[in-house]
Every structure is written in C-alpha cells, then in structure tokens.
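Since the structure comes first, as structure tokens, the remarks are kept for the end.
Just so we're on the same page: letters track the sequence lines, and every chain starts at 1. Just so we're clear, the structure is a prediction, and the values are computed from it rather than from any experiment.
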2 protein chains.
Amino acid sequence: MNSTIYDIAREAGVSIATVSRVFNDNSGVTPKTREKVLAVAEKMGYHPRALAQSLARKKSRVITVIVPVISNYFFMEVLAGMQDKIVDYDYDLQIFNVKMAHDSDLLNQANHIIKRGWGEGYLVISVHLSDSEWKALHKYKVPVVLIDEYYPGFDTVSVDSIEGAYTATSHLIRQGHRSVGMICANPTSKPSIDRVLGYRRAMEDAGYMVDPEMIAAGENMERDGFTESNGYEAMSRLLTLENPPEACFCASDIQALGAIKAMKDHGRQIPIIAFDDLEFSEYVGLSTMRQPMYEMGALAIEKIVKRIENPDTDVTHTVFSPDLITRASAPDYAGINEPDEARDEARISRNS
Amino acid sequence: MNSTIYDIAREAGVSIATVSRVFNDNSGVTPKTREKVLAVAEKMGYHPRALAQSLARKKSRVITVIVPVISNYFFMEVLAGMQDKIVDYDYDLQIFNVKMAHDSDLLNQANHIIKRGWGEGYLVISVHLSDSEWKALHKYKVPVVLIDEYYPGFDTVSVDSIEGAYTATSHLIRQGHRSVGMICANPTSKPSIDRVLGYRRAMEDAGYMVDPEMIAAGENMERDGFTESNGYEAMSRLLTLENPPEACFCASDIQALGAIKAMKDHGRQIPIIAFDDLEFSEYVGLSTMRQPMYEMGALAIEKIVKRIENPDTDVTHTVFSPDLITRASAPDYAGINEPDEARDEARISRNS
DNA sequence: CTGAAAGCGCTTACAG
DNA sequence: CTGAAAGCGCTTACAG
C-alpha cells in the first residue's frame, strides 16, 4: 500500500522510468515488461501518487471551485452541472469554501487559495469583489472563470438579474395588480442589488411610485439572506403593512418557500414570482424566473478547461436571460403564458 | 507569481531553508531576516506551493470526501456540517464524486481515488458495499470514516433507518389508519432497504398484513430514486390502487414533495410522514423523521481528524436515532406529540 | 525498447 | 540563528 515506484521497479527488475511509462502508457513498453510491472504493482497495491505526479508534471489536473458556503441550493445545482461535465475531461474537482464573514476579506481568502496553487484553474462562484479587487486578482494571470458575476478581464457566465427582475415585476403589473412588493436579500449581495434594480425599473416604467416599505427582507442575513426564514419574515412584514401589496416579486425560490408559509400563517394569499427555479419549485407550484444553473456549471467547466489548455484566447462572457415559468403561485390569467416546455430554449447568450 | 523559494532566497540573500522557516514560523528567525524575506515574498507575490509542501512533508492536510453525486439535499446538509467543522482544524476539503452507474464498480472508483493519495483521510458518504468489498477497502489501512453506513472495521456515523421507519409507521398506525402504504426508493439502496424493513416490522407488530402493492416507487431511479418525480409517481400509483392506503410513510423528504403534489393533483389527501427533515421541510409542513445531517457531517470531520492524528485508537460507531417531527402533513391528533424543541436531544449514540 | 540522471518546489534533520 | 544537503515520489528529455 505504501510502496513507491522504486519498490515496484526493484521487484520487477526494471528501472523506475519503465514503471512510470507503463502507468502513463506512453512510449512502447514491451508487452512482457508491461505485464510484469503491472503484476507486481497489483500485488503490492501500487498506484502512482497524484501528489508526486503533479509536482513532476507541473500540473495537477485539478480544478478548484471557490464558493461561499456549499450548502446553498443555487450552488448545488451549479455544482451538479460541473460534476457531470467534468467527466468529459480528465480533471478533478476540488472545492474550497470562503467565509463571507468579513466582506473585505474575501479577496485575501481567494488569494490564499490561489497562491497555494492546488488547482490549475479556478471557478469562482458568487464571490463579488470591487473593481480594484478584481484587478488585483487578475494580476495573478491564473485561469479563472467567474460564475454569477461579470468582470471584463475574466471569462464569465452569469444571468441577467436586472432583466429577470424586470420581467417578473412587469408580468405581475400587467396582471393588473395595483401594488407589487418585493422580497430582497442582503443589501450588499450583488444578485439582490440587481434584482431590486430590475424591480424598480419595471415599477417606474409602469408609472408606479416605488414605496421603500414595499421592499422587505428578513433580519437574518445568514447566506446573504437567501434562506426560508428570511423570506418568511420578509413576507410577514409586507402583509402587516398598513397597505399590503397585492402581489410580490421575491429574490429567490428559497425565500419564496418561507414567504408562502407566511401567507398561509397570515391567512392571506397574494401572487408571488420568485427567482431561480430550483428543482423542487415545480413541485410546490412556484412561479419563478428560471436560471439555467446546471447549464451554467457545465459551461463554466468547458470554459476553464479551454483556458487552461489555451491561456491566450480571448475572454468570453455568457449572460443567460432568465425565463419566466408560471405555476400556481402566480397563475397566468392574462394568457401571457410561457409553458414549461419552453424552459430550455428562449435563452439568450451573448458573447463579447 | 510563479516565483519559487529559490527566487525569494536569492533576492533576500538567505538560504531556502531560511525562507522555508519564515513561512512555517518554526525555529527562531531573526526579526530582521524574517522581515526581509517577507518583504521580497510580498513583492514577488510568493507563497509556498501546497503541492510541494505536501510531498516534502508527506502530508497534504486535505481530507477527501467520496460521495455519489453532490447534488442531493442529504449530502448537502452533511457537507454543510463538514465545512463548518473543518475550520476548527487546519485541513481542506476535497470532494470527489463516484458514479453509481455500475454498482460493482463503486469499489474500484473508491480504490482509485484512495490510491492516488490526495487525501490523508477519506470520508465516504452513502457508498454501500458488500462485506468482501469493505474488507478489500479496509486492507489499505488508510483513515476512513463511513457516513450513512455501518461496518465494524471503520469509524462510522449513521442513523438507524429501521428504527426511524418503525417509529413513523407505528405513529401512523396508532393514529387509527387502517391501511398504511409506503413510498420506497431504489430496491438496491441501503437506506431504502432498511426503511422498508422498519415499515414491515411496524406493520407486522401491529398485526397488519403487508400488501406488496402498498409499497411503491417511481420508475426513475436517478439518484437512487430520491427525487421529487419518483415520489410523485409512487404516490400516483398508491392513490390509483383499488384500495388506496389511508396514510403513507415515505422514504425521503424529497420524494414526499412529489407525493404531496400527486395528492393535490389526484384530489386526495392522506397523512404522510417522510424521512430526513431537510431545511425546507419545515416550510412545506412536512412531518418527518429527522436525521441530524449537519451534526453527522461535523462529527465525521472530528472522527477523521482524530484518526489521522492518532491512527491506532479504537474504532467508534455513532448511530443516531431519528426523531419524529410532526407537522401539517401528518398532524398529531392523538397527542403523541414530540415538539420541535426536542429535535436536538433524544439522540442515542452507542459506541463499540 | 529501456536506463541514468536531472528536476519539480518544498521540508527537515544535521552541523555549525 | 542559519546553511548545505538529502529526500519526498514521481516524470521526462537524453542517450544508448
């Protein structure tokens, strides 16, 4: 079990170079020697150590994912796409999670991970930095692709949150609701900021005043507020307003789950459209703006592999347009329907 | 960025040994030299490569998680516990996922991962092998802890599925339902097998015949059948039986979500108790047998670290007893209530 | 087809 | 307090 290439070489009566060759099936090794080597390797339970190989080859064939808390449904579906895609290539996935505790510290954590140099490339999910911080990161000249973020110097794959929020809100307005509220998340979270922006634009374009009270969030900002309990609290606030909204756009599916429970508990149902389309959303009848999370993960793998193997090609940006999926939580009275089958099309992907 | 310890040594006018020392703050280095080294390191963006350190130290400080598909809510919550716990130690988490495609192949995949030797220890989640396979694995004499599995030779942390299923089913029976059905998952899946067993025992102990038709699953065995769509289909079958059950025990929360939708679509509600207690289950009002997934993950980290640092201690087994959490899906008429607050106690942990 | 040797980027006794 | 040197377990030109 703890045998090294030397043990095998000795036992098989060959040089370590030969042993190495049979495990890398490179240059022609005589079938006879190959078999002998394989036989003793099998007997001694030998397998080349990935660590030593990586050092000698100067490549580890690992792709490192940097993500704030894995335990988030969005990441999970993105990760699923990565997992399924990576088997097409000969790389392994390593996951590091950074703490969002001190926002300003995110860069340092990412730096630390990158400098240690485990991965040949880095997939950075939902890490939102300032312009100067991105620049600092960029200086490392290491393959990086950003997911759920956009920055000119890196390959990116993201979704247009502003547009999605605009679409959802407009839909609610067109259905005739005279007041539309919103459940947002952490005010420092990029996706939340953008979704609030899209909501505001839709309201303004429709000639509505935006009442600050109509934009609510819960207190608990764990996971940037993308939790059931946050949504529950937010909806409770909205419903106990003097003039509660007649409909609601919610920044995430997971919050919407809490919001729906809050509506039940308060005995008042209003139409709600969320954002994500997690796997279970179909089963709880949640209308939502679909992000192609799985596809995003798969695409990110493709991009990082390309960049690792061809570092000098131009950077590409893919921005998906979220699709409105209408279900029971905000049924489609007005016939502006977009059937479930349309899920996988109607997606814009523009490159620059 | 690509500078090595030699570059720093040269630039700082010291030996590489000294540079190494300042980065490992070992033996006393003169403050002056330390500062000088740190300065040039900073200037040249140097940081010791984890890969090279690992080889030289013969320890990587990485713990490898072996899991079939990450994108599973159960794993996700277990992973969350791992992530939060691992920061207490100076280890990093690396995740590999094995394909369940060919069952017999699982061992080979695990072997391959272990032999490559990235990790100092391995956390194996929901990989169910035969006795001889476990033995084969055991021969490597590598630190391993099993999660959601029990095997004498390894440290394990698991939950008593049989007991949980028994409790759930008995509860339903005690509530007076004359027939109780069950939604199971893949017949080859260990948790599913055990839960069916517990269900059967409860039925038999209550003097009921077990009708095979009353134990249903969907066709789609992706993720071992632990999906919403599988539960949907299973419940549809149950409800269209000549004599549909009056209540149902369901092998997982995620399937129950599908089952609940099926009940709505069929216009027939029966009480249902599931198994897991995922985070969102509280919000959809699902009664369920709670597995302490987060705690299981955290405990697994503790065990593996202990084993890595102290390989010769006795193996320990922790078996949690799932707690019944009653919610709207199977309200507690009979007063056999077990309040939510009891969640984190009432847990049995037996060591051997 | 196969071997000797240098090298990957570090750490760590061992001297001094 | 600091350096020279061996070693971690491989790969890979370079010869032959």
Using only atom types and a distance under 3.5 Å, with no angle test, would you say the side chain of A:Asn310 pairs donor to acceptor with the backbone of A:Lys306?
no
How about A:Asn24 and A:Arg57: does a side-chain donor come under 3.5 Å of a side-chain acceptor?
yes
Quick note, B:Thr33 side chain, CB onward, closest among D:dG3, D:dT2, C:dG3 is D:dT2
Under 4.0 Å between a side-chain N or O of A:Ser20 and OP1 or OP2 of D:dC10?
no
Between D:dT2 atom P and B:Asn24 atom CG, what is the distance in whole Å?
15 Å
Length of the NZ-C1' vector between A:Lys32 and C:dT2, whole Å:
14 Å
Integer-rounded Å distance: D:dT11 C1' and A:Arg61 CZ:
15 Å
Taking atom C1' in both D:dG16 and D:dT12, what distance in whole Å separates the two?
16 Å
Got a donor-acceptor contact below 3.5 angstrom from the A:Thr4 side chain to the A:Tyr6 backbone?
yes
Just how far is it from atom CD1 of B:Ile63 to atom CD1 of B:Ile301, taken to the nearest 0.5 Å?
5.0 Å
Spacing of A:Ile8 atom CD1 relative to D:dT11 atom P, expressed in whole Å
13 Å
All stems with DNA chain D, defined as three or more consecutive Watson-Crick or G-U pairs under 3.5 Å
C:1-3 with D:14-16, C:5-12 with D:5-12, C:14-16 with D:1-3
Taking atom P in both D:dC14 and D:dC10, what distance in whole Å separates the two?
24 Å
Spell out, as yes or no, whether a donor-acceptor pair under 3.5 Å connects the side chain of A:Arg61 to the backbone of A:Asp90.
yes
Residue pair B:Asp155 / B:Glu302, side-chain heavy-atom distance below 4.5 Å:
no
Polar atom pairs between nucleotides 6-9 of chain C and protein, under 3.5 Å, N or O only, would you list them?
| residue | atom | partner | partner atom | Å |
| --- | --- | --- | --- | --- |
| C:dC8 | O2 | A:Ala56 | N | 3.3 |
| C:dG9 | OP1 | A:Lys58 | NZ | 3.0 |
| C:dG9 | N2 | B:Ala52 | O | 3.4 |

Determine the Euclidean distance between corresponding P atoms of D:dA5 and D:dC1; express it in Å to zero decimal places.
23 Å
Counting side-chain heavy atoms from C-beta on, which of C:dT12, C:dG3, D:dT2 comes nearest to B:Thr30?
D:dT2
Contact check, side chains of A:Asn111 and B:His47, non-hydrogen atoms, under 4.5 Å:
no
For a quick test of reading the model: is some side-chain N or O of A:Thr18 closer than 4.0 Å to OP1 or OP2 of C:dT2?
no
Taking the side chain as everything from C-beta on, heavy atoms only, tell me whether A:Ile5 gets closer than 4.5 Å to A:Ile8.
no
Does a donor on one side chain sit under 3.5 Å from an acceptor on the other, for A:Thr156 and A:Lys303?
no
